[in-house]
Amino acid sequence: MTEIAYVRGDATAPQAKGVKIVAHVCNDLGGWGKGFVLALSRRWPEPEAAFRRWHRERAGNDFGLGAAQFVQVEPYVWVANLVGQRGIRTARSTGAPVRYEAIDAALGPLADKAVELGASVHMPRIGCGLAGGSWAKVEPLVLRRLVERGIPVTVYDFGA
């Protein structure tokens, strides 16, 4: 079985040949304005526009915790918007907004899409930034849902 590759770098500039899916965790409020999504929006406008439309039209679609949306941004690059965060952290928040069961659920369609496209998956430590999650809890989900299916996964740690 392969392992997760950990590299220093920018997950919005995936280092691999072939089709790539850049995956990240979104909240269920339709908010897009802090954290990794800012880097995504600087590089490609389509994921934010698609996410906001998906949320706005949620009465007629599958938007919600555990859902996944796929947006093609370049001929060989897709972005996966994974809804794995309940609300957002505020000054009055108690507890982290991350929902591990929702991340786990969203990783299923991500794996299916990666297999369909013959793609590798690239991500920051999803659910562990503003969502407040623990990589020790997310990593086993990524291993089980993606790596065990033979999907190459690279996790990017940004910065020095």
Side-chain angles (χ1 to χ4, degrees), residues 3-6 11-12 14 20-41 43-44 46-73 77-117 119-158:
E3 299 286 325
I4 296 172
Y6 290 90
T12 69
K20 298 164 279 294
I21 300 173
V22 177
H24 71 108
V25 165
C26 305
N27 64 65
D28 66 349
L29 297 177
W32 184 290
K34 288 186 176 177
F36 183 70
V37 297
L38 296 179
L40 279 174
S41 290
R43 191 160 188 98
W44 306 290
E46 299 92 345
E48 177 180 359
F51 177 75
R52 290 186 185 280
R53 184 172 48 255
W54 188 32
H55 176 263
R56 192 171 50 250
E57 298 170 359
R58 65 191 177 280
N61 64 39
D62 67 345
F63 183 92
L65 284 170
Q69 179 190 52
F70 304 97
V71 183
Q72 190 168 11
V73 294
V77 181
W78 294 70
V79 170
N81 294 328
L82 310 177
V83 185
Q85 180 181 327
R86 175 74 187 101
I88 58 173
R89 193 186 302 246
T90 66
R92 296 195 318 250
S93 297
T94 57
V98 67
R99 294 295 180 267
Y100 298 109
E101 65 282 356
I103 291 174
D104 187 43
L107 288 172
L110 173 59
D112 292 342
K113 189 70 169 179
V115 168
E116 172 194 327
L117 297 172
S120 54
V121 174
H122 305 262
M123 63 179 67
R125 293 182 189 238
I126 58 171
C128 299
L130 294 173
S134 159
W135 186 247
K137 293 182 179 178
V138 175
E139 183 186 45
L141 305 177
V142 173
L143 288 168
R144 186 168 57 85
R145 291 288 194 160
L146 301 174
V147 175
E148 287 181 10
R149 286 188 65 183
I151 299 162
V153 176
T154 302
V155 172
Y156 294 76
D157 288 314
F158 191 75

Distance check, rounded to the nearest 0.5 Å: His122 atom NE2 versus Ile21 atom CD1? 9.0 Å
Which atom of Ala68 lies closest to which atom of Leu82, heavy atoms considered: CB-CD2, 3.7 Å
For the student: nearest non-hydrogen atoms of Gly127 and Val25, plus distance: N-CG2, 3.8 Å
Does the side chain of Arg125 come within less than 4.5 Å of Val155's, by heavy atoms? yes
Compare all side-chain heavy atoms of Ile4 with those of Thr154 and state whether any distance is below 4.5 angstrom. no
Point-to-point distance, once rounded to the nearest 0.5 Å, from CZ of Phe36 to SG of Cys128: 13.0 Å
Just verifying a value: how many Å separate Asn81 CG and Leu110 CG, rounded to the nearest 0.5 Å? 11.0 Å
Close aromatic pair by centroid cut-off 6.0 Å: His24 and Trp78: no
Check Ala111 against Arg149 and note the closest heavy-atom contact, atom names and distance. CB-NH1, 3.4 Å
Val83 and Ala102 have their tightest heavy-atom pair at O-CB, 3.6 Å
Working to the nearest 0.5 Å, report the span between NE2 of His55 and CG of Asn27. 8.0 Å
Per-pair distances, 0.1 Å, donor-acceptor, side chain in residues 129-142, under 3.5 Å, sequence neighbours excluded:
residue, atom, partner, partner atom, Å
Ser134, OG, Ala136, N, 3.2
Trp135, NE1, Tyr6, OH, 2.9
Glu139, OE2, Tyr6, OH, 2.4

Main chain of Gly87, side chain of Gln85: is a donor-acceptor contact present, judged purely on distance under 3.5 Å? yes
Please answer whether the main-chain N or O of Asp104 pairs with a side-chain N or O of Arg145 as donor and acceptor at a distance below 3.5 Å. yes
Take atom CZ of Arg43 as the centre, draw a 6.0 Å sphere, and report whether it contains more than 12 heavy atoms from other residues, nucleotides or ligands. yes
Approximate separation, where rounding is to 0.5 Å, of Cys26 SG and Trp32 CH2: 5.0 Å
Glu46: which of Leu40, Val79, Val71 passes side chain to side chain contact (heavy atoms under 4.5 Å, CB included): Val71
Only counting residues at least two apart or in another chain, list the ones meeting side chain to side chain contact (heavy atoms under 4.5 Å, CB included) with Asn61. Trp54, Glu57, Arg58, Phe63
Within this structure, what is the CG-CG distance for the pair Asp28 and Leu65, rounded to the nearest 0.5 Å? 4.5 Å
Would you mind reporting whether Val121 and Met123 have side-chain heavy atoms less than 4.5 Å apart? yes
Would Leu29 and Arg86 count as a side-chain contact (heavy atoms from CB on, under 4.5 Å) if you check the C-alpha gap in whole Å, the side-chain angles of each, and the deciding distance to 0.1 Å? CA-CA 8 Å; Leu29 297 177; Arg86 175 74 187 101; 4.1 Å; yes
